[in-house]
Amino acid sequence: MGVSQHPTGCGVKGPLFDRLPADPGARKPGVHGMSSEYVCLRPTGREVAIAEHTRPLRRAVSYTARLADQPRLLLAIKTSLAAVLAWYLAPLIPFTEDQYSYYAPLGALVTMHPTIARSAQVGGQVLMGLALGIALSLCGIAALRLGVPGGVVLGVVIGVGVLLGAWRLLGAGGDWVALAALFVLLAAGGDPEGFSISYLGTTAFGVVVGIAVNLIIVPPLYLRRASERLSALRDAVTGVLRDAADAVADDQLDPERFRAALDDLGETRSAVTEVVDEADESARANPRRRRHQEEREENARRMAALERTAFLTRELIDLLVELEASDDVALTGAVRERLAHAIRQSADLIATPLGDPAASDRFRGASEALADYQSALGAPEPGGRAEMAAGAAVELCLRRIIDVTRPFV
């Protein structure tokens, strides 16, 4: 709605914003002596001052929110900052040599991940791998001092390091065992102990800096993105069900078409599961999680319900294909029409957003449509027990789909 100009000179956003009817007995003369039916609500001097002082804060909050919606960009900025801090602060670490300060940015780099929990986990695993590799290399150096040929020592150290790297407990640090052993073995020079302490100490310092930066500066929380992806999965399930309802009504159920649709639905479900898991992981050890606990629990409930619904949708399509292939009276006339209506009503129920006041009505409508289909099935005729069993299985599948939505109604 555009801004209109009031006779008193005040800008108002149409007839319903920023102005109120004035008391007819207290109307003040407007421009050119005309009476004014409205008075403008002008901000006071204090309100203007408060608005001016809080404007930078509002801009900062808005910018931070937009930045948080770009996880890769946010990660790049925080990784760069952590590497720079680690580089400049590394010379202050006691018991380490300044010439090895470049390992501190390396530690910050390897520990920066989209979530705080994963940063801490990977950082700890990398340090375990480094420590194990350093210990292995020191054993190799001891063997060299005893006269063992260098080629033999190098081969044994690398081989043992690769074997130890397969230890499940090391996780991401498994690749660092042989790497750290090789570095210490070849680059330690005449002071392997001093190099090892500096190598492990500066890297550990970088890991700590990385975790601290990830924790303090806009700690990532991907709950809203997970909620959006859950809505996309809901829309995908709804789309498959509505297509199935149309196909049943038109007697054009193409198995190949729905097989492709179900494959796409499966890929969508897998992608959404990854996003939801990452969102749940981002809440761990995150200081912002307490303010979003309800949203986190809601996402978990929606994910469980949608996974169940997607599974039942696949079963429903398989049953419909079986019924269509039977070419029996179970999918003719009124039965076909009522089944299509029941599927469509179930799809509308699933598509209902959370908190929609129409949810209870849609739940009732889907249940009634399913009851109409069940009554249309009637009693089995001679020779039609298999088809009737498939028709009853369709009814049971739809009932389960409807029941999944019950906690959200």
Side-chain angles (χ1 to χ4, degrees), residues 226-276 299-326 330-331 335-354 356 358-359 361-374 376-377 390-409:
S227 179
E228 293 173 352
R229 296 303 300 157
L230 285 168
S231 297
L233 177 58
R234 179 198 64 198
D235 294 341
V237 173
T238 301
V240 173
L241 288 175
R242 285 174 175 164
D243 288 345
D246 293 339
V248 170
D250 299 336
D251 194 12
Q252 294 180 351
L253 192 65
D254 184 4
E256 294 299 325
R257 173 191 169 195
F258 279 97
R259 186 175 293 112
L262 290 176
D263 290 341
D264 292 341
L265 178 61
E267 293 177 0
T268 302
R269 184 190 63 81
S270 299
V272 172
T273 300
E274 292 180 3
V275 173
V276 173
N299 285 347
R301 290 190 296 113
R302 291 182 67 194
M303 186 71 240
L306 286 171
E307 280 188 325
R308 178 66 175 164
T309 305
F311 173 78
L312 291 171
T313 298
R314 179 178 292 274
E315 280 198 347
L316 176 64
I317 297 300
D318 291 340
L319 290 170
L320 290 175
V321 171
E322 180 182 343
L323 271 178
E324 192 73 21
S326 68
L331 270 185
V335 175
R336 179 182 297 277
E337 181 181 346
R338 294 185 184 184
L339 174 57
H341 181 61
I343 297 174
R344 191 172 292 108
Q345 289 291 100
S346 300
D348 292 343
L349 175 61
I350 294 171
T352 306
L354 291 177
D356 193 322
D361 293 336
R362 291 187 178 183
F363 183 86
R364 190 181 309 109
S367 300
E368 292 174 354
L370 184 58
D372 290 341
Y373 166 67
Q374 186 178 18
L377 285 177
V394 169
E395 185 271 334
L396 179 59
C397 193
L398 283 173
R399 169 55 59 193
R400 289 176 175 173
I401 290 176
I402 294 172
D403 287 342
V404 168
T405 67
R406 190 183 298 272
F408 301 93
V409 176

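Positions are given from 1 along the sequence.
Atom CG of L262 and atom OG1 of T268 lie 11.0 Å apart (nearest 0.5 Å). For the atom pair CD (E307) and OG (S270), the distance works out to 9.0 Å, reported to the nearest 0.5 Å. Taking CD of Q345 as the reference point, atom CZ of R364 lies at 12.0 Å (rounded to 0.5 Å). With rounding to the nearest 0.5 angstrom, the CG atom of D250 is 9.0 Å from the CZ atom of R336. The distance from the CG atom of L339 to the CG atom of D372 is 12.0 Å, given to the nearest 0.5 Å. Atoms OG1 and CD1, from T309 and I402 in turn, are 11.0 Å apart once rounded to the nearest 0.5 Å.
Residues L320 and I343 form a side-chain contact, since some pair of their non-hydrogen atoms from C-beta on lies under 4.5 Å apart. Side-chain contact check for I350 versus V404: every heavy-atom pair is 4.5 Å or farther apart. Using a 4.5 Å heavy-atom cutoff, the side chains of R257 and D243 are in contact. Using a 4.5 Å cut-off on side-chain heavy atoms (C-beta onward), Y373 and H341 make no contact. No side-chain heavy atom of R308 sits under 4.5 Å from any side-chain heavy atom of I401.
Of the possible donor and acceptor atoms, none in the side chain of R229 sits under 3.5 Å from a partner among the backbone N and O of A271. Judged by distance alone, with hydrogens and angles left aside, the side-chain atoms of D356 form a donor-acceptor pair with the main-chain N or O of A358 at under 3.5 Å. Although no hydrogens or angles enter the test, the distance criterion places a donor-acceptor pair under 3.5 Å between the side chain of R362 and the main chain of D348. Proximity of a side-chain donor or acceptor of R338 to a complementary backbone N or O of A369 within less than 3.5 Å is not detected.
The environment of F311 atom CZ is sparse: at most 12 non-hydrogen atoms of other residues, nucleotides or ligands sit within 6.0 angstrom.
In this structure, F258 and I317 approach most closely via the heavy-atom pair CB-CG2, 3.7 Å. Of all non-hydrogen atoms in N299 and A226, the two that sit nearest each other are ND2-CB, 3.9 Å. Scanning all heavy atoms of the two residues, the minimum distance from T238 to A347 falls at CG2-O, 3.5 Å. When all heavy atoms are compared, the tightest approach of A351 to R242 is CB-NH2, 3.8 Å. Minimum interatomic distance between L265 and V237 (heavy atoms only, all atoms of both residues): CD1-CG2, 3.7 Å. Closest heavy-atom contact between L312 and C397: O-SG, 3.1 Å.
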Exercise. Could you walk me through whether D246 and R344 pass the salt bridge (Lys or Arg N to Asp or Glu O under 4.0 Å) check?
Worked result: CA-CA 8 Å; D246 293 339; R344 191 172 292 108; 3.0 Å; yes
Exercise. Stepwise, does the side chain to side chain contact (heavy atoms under 4.5 Å, CB included) test hold for L354 with R302?
Worked result: CA-CA 10 Å; L354 291 177; R302 291 182 67 194; 3.5 Å; yes
